[in-house]
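See below for the structure under consideration.
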Amino acid sequence: MRDVTALLASLPTGLWIDGQQAKASEGATFPVHDPATGEVLLEVADATAGDGARALDAAAACQREWAATPTRVRAEILRRAWELVIERRDDFALLMTLEMGKPLAESDGEVTYGAEFLRWFSEEAVRVHGRFTPSPSGNGRILVTKQPVGPTLAITPWNFPLAMGTRKIAPALAAGCTMLVKPAPETPLTMLLLGQVFADAGLPPGVLSILPTSRAAQLTDPMFADPRLRKVTFTGSTAVGKILLAQAATHVLRTSMELGGNAPFVVFADANLDDAVDGAMAAKMRNIGEACTAANRFHVDNAVRQEFTAKLTARMRALKIGPGHLDGVQVGPLINERQRNTVSELVFDAVAKGAVVTTGGASQPGPGYFFEPTLLTDVPADARILREEVFGPVAAITGFDGEAEGIAAANDTEFGLAAYIYTTDLNRALRVGESLESGMVGINRGIISDVAAPFGGIKQSGLGREAGTEGIEEYLETKYLALP
Ligand code: ADP
């Protein structure tokens with residue numbers, strides 16, 4: 001494994017503005033912590049509103065030239081960036097484990113997944129099409145073209161430090177947009193290393209700025225007030241998404257919003273239970289449960305509920321907890337004390353209302369923010385855990401009788417990002433899949449994210465789609481030229 005001290009010493013810790021590493025204008029820095037120990041890993045530059053203005057100046061100054069850069073040239077830069085991330089795989093993986101806490105094998109998986117957006121959108125860059133049609137009236141012709149939206153602000157969360165960045169940066173650059181990235185303050189190091197990759201890949205100065213800050217609103221509020229900004233793309237909580245949507249109204253910005261989830265995992269009586277338990281482990285435990293697609297509520301037909309609960313309990317009890325860089329560890333720490341308290345409160349609330357703990361149930365003593373893999377069954381309908389996003393290694397099981405009740409229970413939420421169903425009946429799979437109010441449905445699968453598929457939610461889970469052929473559209477305007 002890469003030596004931690006050597007890796008940290010090699011990292012860029014300044015802002016990326018105009019293709020250069022820069023100090024924050026007030027010289028301030030903020031600490032980045034290792035959630036497995038609570039210790040400081042590094043200090044990074046703390047961007048101010050002035051730094052944001054400089055970055056937006058640079059983005060606006062080169063927007064026209066970047067949009068006019070041949071798509072093949074933009075594609076080759078993205079392709080080179082993909083190669084460089086893969087070459088530096090071990091550094092990226094260890095860094096994500098250090099600043100976010102996930103097990104090293106999962107960080108390695110994120111390198112593959114996160115880098116893939118760079119390759120995918122390098123390929124999509126040269127396949128942006130318009131159309132030409134004669135007007136049905138016979139009076140004239142219709143030419144439809146696509147143009148980049150313009151300078152875009154990306155605000156990213158801490159749970160997938162690489163992929164949540166590349167899923168926005170790659171389509172934006174492919175489409176010809178310039179971009180300012182504000183990474184989450186918990187995990188800025190991965191994004192700063194990605195800035196180095198883009199510099200090495202030959203991205204022209206100004207096209208991409210990376211601005212870590214401990215004072216998000218102070219940095220981004222003035223950007224929303226600046227008419228040169230044309231779009232905001234955000235992944236994070238629904239509460240913050242609503243604030244940003246209101247701000248985006250000032251200059252009627254294009255918006256892409258990937259917000260909170262509350263994914264149901266529905267097991268029908270005809271499911272293959274071993275497959276369902278495998279899927280449940282993936283849907284629940286990947287990323288320590290800290291994923292917006294994570295299964296939040298397990299609705300299990302009462303005919304198979306006991307058997308499913310027993311099998312899942314055994315699997316969750318066998319998981320190894322510890323610092324993510326250690327061999328064999330499957331469950332790392334939560335991101336911080338606040339997150340661990342939230343998870344604790346949700347478990348406490350459910351148990352107080354009558355839920356039964358079959359394994360786990362408590363925080364682990366420090367250092368670090370560990371919480372035991374926990375299974376709750378007989379969870380009553382009024383438990384908060386069925387309504388709120390857990391973002392932790394806790395599964396809550398509740399029973400239902402028959403298909404209609406299962407669908408109704410799954411849809412009983414204001415969120416609509418992901419849903420999972422397990423059944424061996426193809427007709428039921430299609431019927432239920434079409435009835436679920438969510439942007440994505442996993443059918444006999446516990447992991448659904450795919451670079452080639454449209455990722456996104458309905459209801460209060462968001463607006464727009466990332467990845468797939470849809471992902472680049474979020475960064476393009478449609479223009480109609482009326483021809484004689
Ligand atoms: P979490 O609670 O999981 O950190 P948030 O939605 O609070 O999720 O944060 C997601 C991202 O949004 C982070 O980069 C955070 O710094 C940023 N953020 C939070 N509040 C604001 C705000 N008022 N303006 C701009 N960015 C914000």
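Ligands are counted one by one from 1 in listed order, and the atoms in each one are counted from 1 as well.
- Regarding atom 16 (O) of ligand 1, its nearest protein heavy-atom neighbour is Lys182 NZ, 3.0 Å.
- Under 4.0 Å from ligand 1, not a single heavy atom of Ala239 appears.
- Near Thr156, meaning under 4.0 Å from one of its heavy atoms, ligand 1 places the atoms 11 (C), 13 (C), 14 (O).
- Here is the list of ligand 1 atoms found below 4.0 Å of a heavy atom in Pro185: 16 (O).
- At least one heavy atom of Trp158 sits less than 4.0 Å from an atom of ligand 1.
- Considering only non-hydrogen protein atoms, atom 21 (C) of ligand 1 sits nearest to Val240 CG1, 3.7 Å.
- If you number the atoms of ligand 1 from 1 as listed, the ones under 4.0 Å from a heavy atom of Thr220 come out as 24 (N), 25 (C).
- Among protein heavy atoms, atom 5 (P) of ligand 1 sits closest to Ser237 OG, 3.7 Å.
- Ligand 1 has no nitrogen or oxygen under 3.5 angstrom from a nitrogen or oxygen of Asp221.
- Protein heavy atom nearest atom 26 (N) of ligand 1, with residue, atom name and distance: Ala216 CB, 3.6 Å.
- Within the 4.0 Å cut-off (strictly below), a protein heavy atom is located near atom 3 (O) of ligand 1.
- Residue, atom and distance of the protein heavy atom nearest to atom 23 (N) of ligand 1 are Ala217 CB, 3.9 Å.
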